[in-house]
Amino acid sequence: VSGAAPAPEPPGLGGYISPERLGGTAAPAMPQRLQGDLLGGAAAAAVSSVAAILLTPTCDVALKADAGVRHLAPVTPLADDDLRPATWTGGQPPLHLCRLARCEPHWPGGALVAFRGTIAVAAATVEEAPRLASLDAVGLRQLLARHTTYWTRAAVAPEAIPLPPDDPRVLWAAVDAARAVPGLAARRHALVAALETAIVALARHHGIGVPSTRAAVLWLRRLTAVGVLPPATGAALERLGAIESTLDGLLDATPAMLGPQEAKFMAIAADLDAVAATLQARDPVQVTPQRLKAAGLANLLR
Amino acid sequence: MALIGAAKGQAMRVLEDPQVWPNLSETATLLRVNKATLSRQATGGRVVARTLGLGRGQARVVPPGEVLRLAVVYRRVPAAEVVAALDRLIAARSGQQAGSLWPALRSLLAEIDPSFAPAETSIMEARAPHGARPAWWGALREPLDTAGDADTGTLILSDRAVPSGVLTLGPFVDDQPRVALGELDA
């Protein structure tokens, strides 16, 4: 009906990371493709649809991530007056479909991922295809849960699916959560939490899992200082150091004094966004015993 | 806070599954004690163990909390090292990410012996109306030469989320390496 308000969207579908955020100024020149990326161009043509969604790595496909093929599923827009949702039991689509949230301007009424239409496409095609958007952390968990249920018939709770700590969407979600905190006094603590998420993500990005955030920071700094990690990581650490310094001042301030400093909150969130963008680097340097040995750090090993 | 609580709750559920517990051999290796000693104590009821399987496929497994208790009793391996090893072992069996069980295991250890209470409180727990800072605060800015405590602990290396090695870092940087790098690679 012309002029009618769109039907309310089912909860829990998640949202999207915009192309602007994915390709921010701090993003690497050739960012890696992420699971849940929505692709157009040749990738969409390959699945004969308006867009394709990247499923690799998922389930057994993960084992083939290096095999030169990626798995794409077709995405078909869902119009507001589409009759299919009315036929779904309990409002849930059948197992071979996954509902996506609305995405302006590509599918303003939502969309469906058809797992049955999944095909293997050459990795080069996927790399060259334009990225329309990417699912956010909630949307990706939803997609992975539905895909797992499709293959295994097991009921999977989306919120229980762990994402890699160095997936930039985890950090973006933490930054968005901090931005959404209404009071500035509470928001500074949410930004501290986001800063910790960024530190852990940067460490995992380089293959380091350490027992504490402090150890992660110190090891990242040391390994950068001796050249085991690239200068880009050093720059990200400097940015995080500046964030910590700004937050230090904000934590000292009484809540009444925070109002005039709201611009600092926005700057911190933007800086954390930039750190998340750097996590899209392809094939990041991984810390290995050989690299430590080459850097003259073998004497630290017991 | 709810998210942190949910993650910890999920980790606790994983730890309660006997299918992922270490067996007696693995426990003995983790604690660097004789397997026969553990077996004898388990038979005598002085070590908590559960029997899984039937006949020749039978195996005795030890709950993670009991492994940590024994680590505190025997003290042959640093408790933090046992926590790290348990985390890797159980995470690999349960399909969890390495490191995801750390908080739950540290909580278990702190319950067994309060002196092992984590030095770092979670940021959400540390949140206070007085601008409190987490324990790691300042690490991004302090001079590296004064930050000696990063030389200790366990560094878990992973390649594409798959653990590829563990480096145990000691407090004496001038010590000769006690583990050859080749062994770590293996």
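Below, chain A is the first sequence line, B the second, and so on; all start at residue 1.
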Say you draw a straight line from CH2 of Trp137(B) to CG of Leu195(A); how long is it, rounded to the nearest 0.5 Å? 5.5 Å
Please tell me if the side chains of Arg141(B) and Val217(A) come closer than 4.5 Å, counting only heavy atoms from C-beta onward. no
Residue pair Val192(A) / Pro134(B), side-chain heavy-atom distance below 4.5 Å: yes
Could you tell me which portion of Asp166(A) (side chain, backbone, both or neither) has an atom closer than 4.5 angstrom to a non-hydrogen atom of chain B? neither
Between Glu142(B) and Arg214(A), does at least one N-O distance fall below 4.0 Å, as a salt bridge requires? yes
Check whether Ile161(A) gets within reach of chain B through its side chain, its backbone, both or neither, counting any heavy atom under 4.5 Å. neither
So what's closer than 4.5 Å to chain B heavy atoms on Thr254(A): side chain, backbone, both or neither? neither
Can you confirm whether Arg133(B) sits close enough to Leu247(A) that some side-chain heavy atom of one is under 4.5 Å from a side-chain heavy atom of the other? no
Under 4.5 Å heavy-atom distance to chain B, tell me which part of Ile199(A) shows up: side chain, backbone, both or neither. side chain
Counting only heavy atoms from other residues, nucleotides and ligands, does the tally under 6.0 Å from CZ of Arg93(B) exceed 12? yes
